[in-house]
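Structure first, then comments.
In what follows, chains are A, B, ... by sequence order, proteins preceding strands, each numbered from 1. Small disclaimer: the values here were computed from a predicted structure and weren't measured.
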Amino acid sequence: MLTTTGIPDGWPTDEAAARAVQDALRDRVALDEAGPPPGTGTVTGIDVAYDDEHDVVAAAAVVLDAATLDVLEEATAVGHVAFPYVPGLLAFREIPAVLGALEALRTDPGLVVCDGYGRAHPRRFGLASHLGVLTGLPTMGVAKNPFAFAHGELGRARGSTAALLDGAEEVGRALRTRDGVKPVYVSVGHRISLDNACAHALSLTPAYRVPETTRRADRLCRDALVSARRRPGT
DNA sequence: GCGACAG
DNA sequence: ATCTTGTCGC
């Protein structure tokens, strides 16, 4: 299913307003839940593709069976770019379209895996945290870059980890998902523990560095963007 | 003040 | 994120 999304009323239009929203919502993140066990229920990947030139954005949500990683349902949403890319404010750029895709699903999303960060964020409120608070769903983030955070060396084997540090605070974990391959960066969003988030990340990477959820959503939103720019409907 | 900086 | 050719390897 494909839907069209608008930018919510009151959506921030400048950086100061966006930061104020993060400060106001930050305390609503639940950090005391373990979250769903890996391999049970459903797990949903989300991603967004952009054409800033034509002010078009396409989001995708792909629901997988957590045990088999089979695709159970897919949904996309297209709309207008809601915010420029600003490090630390990625959520304001991605969330409106992502919400459109999630709302189009009829299957329970289960755990939502985001392409980016959750708690590993300057104000501890990255994309995964923000999406979790707005939807109430358990969320986690898996990023491909360490952003501004540091971490020590980690073993060469799949499953090796190193704390992602903001000063002395562990805000996430660098996790090797494939032997000898560059790690990914896992952090909690909403209603899940860091240990469990890492377990999920491993469960979702039987063959590639990046989680199956992210790979599927990435492909789908790119396809949706191509379709959207060929036949404008927004 | 300057640079670095998820996607 | 996105712009982009060829190339090495399973």
Rounded distance in Å - [atom1] ([X]) to [atom2] ([N]):
| X | N | atom1 | atom2 | value |
| --- | --- | --- | --- | --- |
| A:E94 | C:dA1 | CD | P | 9 Å |
| A:R219 | C:dT2 | CZ | P | 15 Å |
| A:K144 | B:dA6 | NZ | C1' | 9 Å |
| A:L131 | B:dG7 | CG | C1' | 14 Å |
| A:Y185 | B:dC5 | OH | P | 12 Å |
| A:L90 | C:dA1 | CG | C1' | 9 Å |
| A:D166 | B:dA4 | CG | P | 19 Å |
| A:I95 | B:dG7 | CD1 | C1' | 13 Å |

Considering every strand and a 4.0 Å limit on heavy-atom distances, what is the contact class for [X]: base, sugar-phosphate, or nothing?
| X | result |
| --- | --- |
| A:A49 | sugar-phosphate |
| A:Y50 | sugar-phosphate |
| A:L89 | base |
| A:G88 | base |
| A:D47 | sugar-phosphate |

inquiry  = Quick one: does any side-chain atom of A:R229 pair with a main-chain N or O of A:V56 as donor and acceptor, under 3.5 Å?
reply    = no

ask   = Below 4.0 angstrom from OP1 or OP2 of C:dT2, is there any side-chain N or O of A:R222?
value =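 Answer yes for this pair, as a side-chain N or O of A:R222 is under 4.0 Å from OP1 or OP2.
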
ask   = Counting only side-chain N and O atoms of A:N145, is one of them less than 4.0 Å from OP1 or OP2 of B:dG7?
value =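 For B:dG7, OP1 or OP2 has a side-chain N or O of A:N145 closer than 4.0 Å.
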
query = Hey, is A:Y85 stacking on C:dA1? Ring centres under 5.5 Å, planes under 30°.
reply = no

[X] with [Y]: basic N within carboxylate O range, under 4.0 Å:
| X | Y | result |
| --- | --- | --- |
| A:R219 | A:D223 | no |
| A:R176 | A:D179 | no |
| A:K144 | A:D115 | yes |

request  = Indicate the ring-plane relationship of A:H130 and A:F92, choosing parallel, tilted or perpendicular according to the 30° and 60° boundaries.
outcome  =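 It falls in the perpendicular class, over 60°.
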
Audit row: A:E169, A:R119, salt bridge (charged side-chain N to carboxylate O under 4.0 Å, His left out) steps and yes/no = CA-CA 11 Å; A:E169 180 182 357; A:R119 189 165 170 71; 2.9 Å; yes

request  = For DNA chain B, write out the stems as range with range, using runs of 3 or more consecutive Watson-Crick or G-U pairs with both distances under 3.5 Å.
outcome  =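 Output for stems: empty, none.
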
query = Which residue pairs pass the salt bridge (Lys or Arg N to Asp or Glu O under 4.0 Å) test when at least one of the two sits in residues 11-22 of chain A, sequence neighbours left out?
reply = A:E15-A:R19

